[in-house]
Amino acid sequence: DAKTTQPPSMDCAEGRAANLPCNHSTISGNEYVYWYRQIHSQGPQYIIHGLKNNETNEMASLIITEDRKSSTLILPHATLRDTAVYYCIVRAGGTSYGKLTFGQGTILTVHP
Amino acid sequence: GAVVSQHPSWVICKSGTSVKIECRSLDFQATTMFWYRQFPKQSLMLMATSNEGSKATYEQGVEKDKFLINHASLTLSTLTVTSAHPEDSSFYICSAGLAAPVRYFGAGTRLSVL
């Protein structure tokens, strides 16, 4: 699976958009970008995933660059409850039973 | 949506005793479950992949005789920490997935070994 690079921490004001970047310059053609988050002392929670096109769901939007070497997770209106560690993971989509490997992630702190 | 239940959420035990942690998929069948360990301020580290009806696959460096995994049914996997010691104190998390890219995680079990 391709390696990802994320900033160790970010801050965001409540109500503003939180834009979390992820670099995955070695991503291959069959690998998807997944985002999970982990609120303190809880298990990780799936947020969104994508292959090439931008994706949006009720939680967030995922913007993937045309060369697929980087992506951005957007929380459009961050709340205090969005404070968590956000993990960007790249792995082949076909191996649906395969393991997920977590990096260090980005600690997002949403402040009032 | 699919839910993974993990029990207990918190356990304290004496050094040398064994502790069993259960992971259940509540509304779906999981042929594969994953066990992670997380130390404070660190990321999740995959310990092993649990396969229903067969032996678990352990990651390099994880002692299979110390961390016994049983996946006897399609909805239940258990992790037993045998002869626990203070260095085994950690946050243990299980995960299961459908035939889809999404993984569902349990709420985790915090183990404290005195």
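A, B, ... follow the sequence lines: proteins, then strands. Residue 1 opens every chain.
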S.K.: Check whether I21(B) and M33(B) end up in the same hydrophobic cluster, where Ile, Leu, Val, Met, Phe, Trp and Tyr are linked by side-chain heavy atoms less than 4.5 Å apart.
M.R.: no
S.K.: Within the 4.5 Å heavy-atom criterion, are R103(B) and Y34(A) side-chain neighbours or not?
M.R.: no
S.K.: Is Y46(A) reachable from Y32(A) through a run of hydrophobic residues whose side-chain heavy atoms are each under 4.5 Å from the next?
M.R.: yes
S.K.: What closest approach, in Å, do I93(B) and G43(A) show between heavy atoms, and which atom pair accounts for it?
M.R.: CG2-CA, 4.3 Å
S.K.: Indicate if F34(B) and Y58(B) have the same hydrophobic cluster label, given that clusters are the connected sets of ILVMFWY residues with side-chain heavy-atom separations under 4.5 angstrom.
M.R.: no
S.K.: Cluster question for you: counting only ILVMFWY and a side-chain heavy-atom cut-off of under 4.5 Å, with indirect links fine, are V62(B) and L111(B) together?
M.R.: yes
S.K.: Taking 4.5 Å as the heavy-atom cut-off, does anything in residues 102-112 of chain A contact chain B, and if so which residues?
M.R.: F102(A), G103(A), Q104(A)
S.K.: With a 6.0 Å cut-off (strictly less than), is the heavy-atom count around NZ of K66(B), excluding the residue itself, greater than 12?
M.R.: yes
S.K.: Where does L46(B) contact chain A at under 4.5 Å (heavy atoms): side chain, backbone, both or neither?
M.R.: side chain
S.K.: Hey, quick one: are I89(A) and Y36(B) part of the same hydrophobic cluster, counting side-chain heavy atoms closer than 4.5 Å, chains of contacts allowed?
M.R.: yes
S.K.: Compare all side-chain heavy atoms of S95(B) with those of L100(A) and state whether any distance is below 4.5 angstrom.
M.R.: no
S.K.: Between side-chain atoms of residues 73-81 of chain B and protein atoms elsewhere (two or more places apart, or another chain), which donor-acceptor pairs fall under 3.5 Å?
M.R.:
residue, atom, partner, partner atom, Å
S73(B), OG, T75(B), N, 3.3
S73(B), OG, L76(B), N, 3.2
S77(B), OG, W35(B), NE1, 3.0
S77(B), OG, S50(B), OG, 3.0

S.K.: What pairs with T5(A) under side chain to side chain contact (heavy atoms under 4.5 Å, CB included), at least two apart in sequence or on another chain?
M.R.: N23(A)
S.K.: By number, which residues in residues 80-88 of chain A have some heavy atom less than 4.5 Å away from chain B?
M.R.: Y87(A)
S.K.: Taking side chain as everything from C-beta outward and backbone as N, CA, C, O, which of these in Q38(B) sits under 4.5 Å from a heavy atom of chain A? Side chain, backbone, both or neither.
M.R.: side chain
